[in-house]
Amino acid sequence: MNLLPGNRARDAADPVRTRLVATGAAVLIVGAGLGLRIVTAGSVAKYGGDALYTALLLALFVVVAPRTTPLRAATVALTASWAVEFLQLSTIPAELSGRSTIARLVLGSTFNAPDLFWYVVGAAAGCLVHAALTSVPRRRRGEAVERSRHA
């Protein structure tokens, strides 16, 4: 499991397959977020949603840039999440959230410092899942090479 640039598995990965997997992950993350809101409340729903928000941004970034490394995808997602959170120190998100449900879901409305930590949790989890998924082709290739040696 290599998180850094130069990952051979990433370089050899099929971008179409990677995009499909990332799109599926994004759909699952949205479903998990909605399910979390249905079955829980309070801090679990709020902070779990924060982590899932960043994981969703990571998955969407992989859809756009399928050859990215897990660490780069996590960094981009975390940076975007923190940027949105710090934007909440201004009045812009609150004003937009008052006019649009989508703006409220994407931008939130008020700054909450603990959210910054939960974005890190989402980025780390997404990074680990992305790294695990990108290491699968390398293992399969290794198995194929090993089988051809014994044939």
Side-chain angles (χ1 to χ4, degrees), residues 1-140:
M1 176 166 50
N2 189 353
L3 304 178
L4 301 175
N7 181 344
R8 285 188 206 159
R10 185 213 69 217
D11 294 339
D14 176 16
V16 173
R17 179 186 171 280
T18 301
R19 282 188 171 110
L20 288 173
V21 171
T23 300
V27 170
L28 289 173
I29 292 166
V30 169
L34 294 173
L36 191 64
R37 288 286 181 166
I38 290 170
V39 300
T40 65
S43 295
V44 172
K46 164 118 181 59
Y47 296 125
D50 290 342
L52 289 170
Y53 176 86
T54 302
L56 176 61
L57 290 179
L58 186 149
L60 293 175
F61 182 69
V62 173
V63 169
V64 173
R67 294 190 187 272
T68 192
T69 64
L71 186 59
R72 182 173 296 134
T75 300
V76 167
L78 181 59
T79 301
S81 297
W82 280 355
V84 168
E85 191 67 31
F86 283 112
L87 181 64
Q88 292 171 358
L89 290 170
S90 74
T91 60
I92 296 168
E95 289 173 13
L96 293 174
S97 293
R99 294 185 217 157
S100 166
T101 301
I102 292 174
R104 184 174 45 82
L105 292 172
V106 172
L107 299 176
S109 59
T110 56
F111 178 82
N112 185 28
D115 291 353
L116 299 172
F117 169 77
W118 291 101
Y119 296 143
V120 172
V121 171
C127 183
L128 292 173
V129 170
H130 185 198
L133 291 174
T134 57
S135 70
V136 170
R138 181 177 24 181
R139 279 183 273 179
R140 286 188 185 147

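Note that this is a predicted model, so its numbers are computed, not measured. In this chain, numbering begins with 1 at the start of the sequence shown.
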Open item on the list: What's the separation between atom CD1 in Ile29 and atom CG in Leu36, rounded to the nearest 0.5 Å?
Closed with: 13.0 Å
Task: Smallest separation among heavy atoms of Val63 and Thr23, with atom names - done: CG2-OG1, 3.5 Å
- [ ] Looking only at non-hydrogen atoms, find the nearest pair between Gly126 and Leu58 and report the distance.
- [x] C-CD1, 3.7 Å
Task: Beyond-backbone contact of Pro15 with Arg67, side-chain heavy atoms, under 4.5 angstrom - done: yes
Task: Ile102 atom CD1, over 12 foreign heavy atoms within 6.0 Å - done: no
- [ ] Rounded to the nearest 0.5 Å, what's the gap from CD on Glu85 to OG1 on Thr110? Could you check?
- [x] 7.5 Å
Open item on the list: So which atom in Leu52 and which in Ala32 form the shortest heavy-atom distance, rounded to 0.1 Å?
Closed with: CD1-C, 3.9 Å
Task: Expected output: side-chain Thr40 to main-chain Arg37 donor-acceptor under 3.5 Å - done: no
Task: Taking every non-hydrogen atom, the tightest pair across Ala123 and Ala74 - done: O-CB, 3.6 Å
Open item on the list: I'd like to know if the side chain of Ser81 pairs up with that of Thr54 as donor and acceptor (distance under 3.5 Å, no hydrogens or angles considered).
Closed with: yes
TODO: State, yes or no, whether a side-chain contact exists between Val106 and Tyr53 at a heavy-atom distance under 4.5 Å.
DONE: yes
TODO: Quick one: pull up CG in Leu56 and CG in Leu28 and give me the separation to the nearest 0.5 Å.
DONE: 11.0 Å
- [ ] Give a yes or no answer on whether the side chain of Tyr47 reaches the backbone of Gly42 with a donor-acceptor pair at less than 3.5 Å.
- [x] no
Task: Contact check, side chains of Gln88 and Asn112, non-hydrogen atoms, under 4.5 Å - done: no
Open item on the list: Taking side chain to side chain contact (heavy atoms under 4.5 Å, CB included) as the criterion, tell me which of Leu20, Asp14, Thr18 meets it with Pro66.
Closed with: Thr18
Task: Main-chain N/O of His130 paired to Thr134 side chain as donor or acceptor, under 3.5 Å - done: yes
